[in-house]
Amino acid sequence: DTGVSQNPRHKITKRGQNVTFRCDPISEHNRLYWYRQTLGQGPEFLTYFQNEAQLEKSRLLSDRFSAERPKGSFSTLEIQRTEQGDSAMYLCASSNGATSGRRDEQYFGPGTRLTVT
Amino acid sequence: AQSVTQLDSQVPVFEEAPVELRCNYSSSVSVYLFWYVQYPNQGLQLLLKYLSGSTLVESINGFEAEFNKSQTSFHLRKPSVHISDTAEYFCAVMKGANNLFFGTGTRLTVIP
């Protein structure tokens, strides 16, 4: 039973560079979420996919951020022109939700820690 | 508006002593409440959840939480903690389309 995996686990980049993170959810899960966690804070919701459709985006997701889930399986989160304020842990979660809107448990990956210098 | 408040950022407690981690939420509609635990260098894991039914929910490792609608609380308790319970604990509320809103976390440190 493989859980949610994220790659890379750590990323150090210079300000202004673009970065891309990948999330592989649990295989039968149709819902995928991205969260951001900064030091001393709880995770903050960024965006959510049901299959390949991006259904909700937080106001935290500026136009420099883009997320995709092209085939309804893995997802990528890209940050363009990174800023020091983007330094955080980026968490991915997945759940096996039915379209009825049932509240399902979200399983989290280990996260990708981004450091922007 | 803050959805979840965890007033205690750090809670030190001696081994085998009881512990309570406080969580209060703000919502005018039905809520679904969760406690997640994050052990050092690991991802978030669901500890327990309240969706409906009995207001007292339990985890497999001895933690329990009680949903109190009148006090808008969902405090986490354990009668006797172990060293292995040292971790960060996050209370969360689910609103809307399954989005979780987390508190700022409480770091539980169990002292031998």
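Below, chains carry the letters A, B, ... as their sequence lines are ordered, and counting in each starts from 1.
Judged by distance alone, the side chain of A:Ser87 and the main-chain N or O of A:Val116 form a donor-acceptor pair under 3.5 Å. Counting only distance, with no hydrogens or angles, the side chain of B:Thr72 and the backbone of B:Ser26 share no donor-acceptor pair below 3.5 Å. The closest donor-acceptor contact from the side chain of A:Gln6 to the backbone of A:Cys92 lies under 3.5 Å. Of the possible donor and acceptor atoms, one in the side chain of B:Asn68 sits under 3.5 Å from a partner among the backbone N and O of B:Ser70.
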Give the intermediate values and the outcome of side chain to side chain contact (heavy atoms under 4.5 Å, CB included) for residues B:Tyr32 and B:Lys49. CA-CA 8 Å; B:Tyr32 306 92; B:Lys49 60 185 177 184; over 6 Å; no
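The contact between B:Gln38 and chain A is made entirely by side chain atoms (from C-beta outward), counting heavy-atom distances below 4.5 Å. Heavy atoms of A:Leu91 lying under 4.5 Å from chain B belong exclusively to its side chain.
Here the shortest heavy-atom pairing between B:Asp85 and B:Leu108 reads O-CD2, 3.7 Å. Closest of all the heavy-atom pairs between B:Cys91 and B:Gln6 is N-OE1, 3.0 Å. In this structure, A:Phe108 and A:Val4 approach most closely via the heavy-atom pair C-CB, 4.0 Å. Looking at every heavy atom in both residues, B:Pro12 comes nearest to B:Ile111 through CB-CD1, 4.0 Å.
For the ring-ring contact (aromatic ring centres under 6.0 Å, His included) criterion with B:Phe102, the lone passing option out of B:Phe34, B:Tyr36, B:Tyr89 is B:Tyr36.
Contact residues of residues 34-47 of chain A toward chain B are A:Tyr35, A:Gln37, A:Gly40, A:Gln41, A:Gly42, A:Pro43, A:Phe45 (heavy-atom distance under 4.5 Å). Interface residues of residues 60-70 of chain A toward chain B, defined by a heavy-atom distance below 4.5 Å: none. Residues of residues 76-84 of chain A having a heavy atom under 4.5 Å from any heavy atom of chain B: none.
At least one side-chain heavy atom of A:Thr112 sits less than 4.5 Å from a side-chain heavy atom of A:Pro8. The side-chain heavy atoms of B:Leu47 and B:Asn61, taken from C-beta on, include a pair separated by under 4.5 Å.
A salt bridge links B:Arg77 and B:Glu20; the closest N-O separation between the charged side-chain nitrogens and carboxylate oxygens is under 4.0 Å.
Scored by the side-chain contact (heavy atoms from CB on, under 4.5 Å) test, B:Ala65 finds B:Trp35, B:Leu48, B:Val57, B:Phe74, B:Leu76 as partners (sequence neighbours excluded).
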